[in-house]
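For reference, the structure is listed below as structure tokens.
A note on names: the letters A, B, ... follow the listed sequences, proteins ahead of strands, and every chain is numbered from 1. Here the structure is a predicted model, which means the values were calculated and not measured.
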Amino acid sequence: MAEPSLTIEQSSNSATIRILGELLTRYVGGVQAEFDKVPTGLSDVQLDLAGLDSIDTGGAWLIAEMKRRLETGGAAVRITSAAPAHAALLETVTHHLPDPLEEEDGPRGLSAVLISLGKMTVSGWQSFLSALAFFGETLAALVLTLLQPWRLRRAALFSQMESAGLKAVPIVALMGFLIGVVLAFQGAAQLKQFGAEVFVVELIAISVLRELGILLTAIIVAGRSGSAFTASVGSMKVQEEIDAMRTIGLSPIEALVVPRVLALIIMMPILGFIANIAGLFGGALMSWIDLGVTPGMFITRLKETTDVWNLLIGMIKAPFFALMIGVVACWQAMQVRGSAESVGQHTTASVVQSIFMVIAIDAMFSIFFSELGV
Amino acid sequence: MQSTPPREAVIEVRGLRNQFGPQVVHDDLNLDVWRGEVLGIVGGSGTGKSVLLRTIVGLNSPAAGSIKVLGVDVVNGSEEDRQSVERRWGVAFQDGALFSSLSVLQNVEAPMREHLKLSENLMSALGQLKISLVGLQPLACGKMPSELSGGMRKRAALARALALDPEIVFLDEPTAGLDPIGAAAYDELIGELQHALGLTVFMVTHDLDSLYAICDRVAVLAEKRVYAEGPIEMMPEVDHPWIQEYFTGPRARAAQTKTETKTDTASLES
């Protein structure tokens with residue numbers, strides 16, 4: 001079988017074009033230049049397809065495009081000696097030949113930058129408002145649940161508490177333990193220089209209990225459960241399950257958001273506490289190995305020097321972190337539109353925003369408590 | 001039936017057995033699909049119509065039996081053989097299964113990008129042609145699948161199935177979920193493309209109107225095998241309760257009358 005080729009016999013204003021060989025899509029790229037070279041100023045063109053062995057839609061497109069080009073140039077084009085199957089395909093393709101797409105000329109330069117800046121500002125403001133509205137709705141639904149506890153979906157709550165809380169215990173405990181170990185190890189190296197090894201207890205206790213235990217727990221929960229919330233509720237949004245809920249009079253906030261947010265609010269302090277204990281344990285172990293501070297001495301010093309407020313400050317922050325992670329995750333899920341890709345984008349946004357919000361709230365608490373002097 | 005040119009079987013299924021756990025879906029199923037025909041596969045719910053389609057295109061590996069597509073053994077053959085034959089068929093899934101992160105035009109270009117070395121301009125031109133061939137407006141090219149209606153998604157899926165100029169097109173319930181006018185237009189489209197492109201169409205369907213309008217032959221799945229095959233006019237003569245009910249019920253009669261009226265008008269016009 002032969003690759004396609006094109007011959008043209010021209011006499012003044014009329015021409016005979018013969019197309020030979022297999023005019024298939026895979027050859028079109030190679031032969032397209034030859035077709036483009038056919039002059040347009042002709043008045044009478046005969047397209048002889050007798051030598052055409054086979055043709056597919058790609059090839060038919062090439063012929064149809066050339067025919068259109070010749071006809072716009074004022075030529076009458078006749079197709080001769082085409083096999084019936086080839087003629088049928090050519091006719092269908094000619095009939096459906098799409099008009100060339102017109103490229104839209106968008107604004108350029110400074111105005112394009114300003115337009116996109118304006119759009120970003122407006123959409124940013126709108127999404128801030130929508131997030132605020134969602135936050136309010138969720139708070140209202142939570143309060144309503146407290147007033148009318150029988151409305152709470154207990155099965156959903158417990159299953160969320162299991163997956164977001166109980167199943168996170170191993171990773172949270174391991175993380176806390178390692179933080180304790182690292183603090184003791186790094187602290188000891190510095191404190192040894194001053195012969196102040198024994199202060200390692202305060203270093204570990206205050207930093208773990210007050211800040212690190214709960215902050216890192218919140219980051220793990222945001223990555224682990226916040227992303228899961230966005231992905232699962234977002235997929236439900238894609239499948240129109242949320243719309244289906246609304247049509248049968250179920251409030252998605254009450255059925256989906258409240259159990260998830262409440263589960264986080266209940267489980268986050270518990271997880272934070274586990275992280276604290278594991279952190280202290282890791283710190284004590286490392287102090288014993290590295291500095292020779294015995295566990296007995298560690299506990300005595302812990303009781304004498306570390307105020308219980310350090311623990312309380314950490315614990316007070318936990319439900320706020322949980323509320324933030326839950327609301328951001330569910331709000332992002334509600335923003336999912338249409339496709340699987342959108343679920344992915346919003347899941348990423350959910351994790352990034354909730355971690356950012358957790359750190360921002362932590363900073364505000366830090367200022368608040370230092371003003372209070374605790 | 002004419003018997004002049006020997007019919008060439010483009011799909012040969014022999015002794016096919018499919019089972020999921022203890023549930024046997026197909027047992028010793030045989031089927032031939034001839035080149036250039038439109039074959040409609042019908043059967044009650046759960047008789048494994050879609051499973052048969054998925055098995056032929058290699059999405060489901062059978063427990064036993066052999067399947068030859070265009071002379072290539074797709075069950076036991078080598079990976080290379082399979083790939084060579086995959087380029088020669090197109091599949092349009094029930095809900096389109098368009099790639100949701102790509103626009104309609106990019107969806108149609110995707111198989112070309114994978115299998116052919118074409119320039120961007122040429123690929124885009126051919127993609128637009130395919131989209132126009134299935135009756136979508138040029139405006140649809142830049143749309144995302146989530147912005148399309150069900151009928152448009154099915155058409156876009158067909159355009160993607162046609163991207164590589166396949167010899168065989170598999171359609172899974174092509175008219176399910178379309179309104180009667182849309183379904184009739186889609187039937188007409190398949191008939192027209194089948195004629196113009198010389199396609200062999202393997203179509204799983206429930207739609208009696210499609211069966212009467214465009215199918216050359218019908219294969220009925222029942223009792224784990226192809227219980228009956230042949231032109232649709234012969235189906236009411238088959239002695240099987242489901243087939244009897246299906247092809248002689250009120251809906252079948254209505255579909256039949258509709259087609260007959262149409263052919264009558266056509267012959268009057270010509």
task = List the steps, then state whether side-chain contact (heavy atoms from CB on, under 4.5 Å) holds for A/V28 with B/L122.
result = CA-CA 8 Å; A/V28 164; B/L122 185 55; 3.6 Å; yes
Cut-off 4.5 Å, heavy atoms of chain A, and the answer for B/L118 is side chain
In this structure, OG1 of A/T25 is separated from CG of B/L164 (nearest 0.5 Å) by 8.5 Å
Within 6.0 Å of CD in A/Q10, more than 12 heavy atoms from elsewhere | yes
Minimal heavy-atom distance between B/S132 and A/L97, with the atoms involved, is OG-N, 4.4 Å
Under 4.5 Å to a heavy atom of chain A? For B/S146 that would be side chain
Heavy-atom count around B/E37 CD within 6.0 Å, excluding the residue itself: above 12? yes
Applying a strict 4.5 Å limit to non-hydrogen atoms, the region of A/V93 in contact with chain B is both
**Report entry** More than 12 heavy atoms from other groups under 6.0 Å of CG on A/L129
**Finding:** yes
Among A/T57, A/L90, A/L24, the residue with the most heavy-atom pairs under 4.5 Å to chain B is A/T57
Review point. Take atom NE2 in B/H195; do more than 12 heavy atoms of anything else shown fall under 6.0 Å from it?
Key: no
From the list B/L133, B/L197, B/L126, B/L116, the residue making the most non-hydrogen contacts under 4.5 Å with chain A is B/L133
Okay, B/E147 and chain A: the region with an atom under 4.5 Å from a heavy atom over there is neither
d(B/K130 NZ, A/H96 NE2) to nearest 0.5 Å is 13.0 Å
If one checks every heavy atom of A/Q32 against chain B at 4.5 Å, the contacting part turns out to be side chain
More than 12 heavy atoms of other residues, nucleotides or ligands under 6.0 Å from CZ of B/F20: is that the case? yes
Residues B/S101 and A/E341: closest non-hydrogen pair is CB-OE1, 2.7 Å
CE of B/M112 to CZ of A/R26, rounded to nearest 0.5 Å, is 15.0 Å
If one checks every heavy atom of B/K117 against chain A at 4.5 Å, the contacting part turns out to be neither
Turns out that what part of B/L129 lies under 4.5 Å from chain A's heavy atoms comes down to both
A/K237 atom NZ, neighbour heavy-atom count above 12 within 6.0 Å: yes
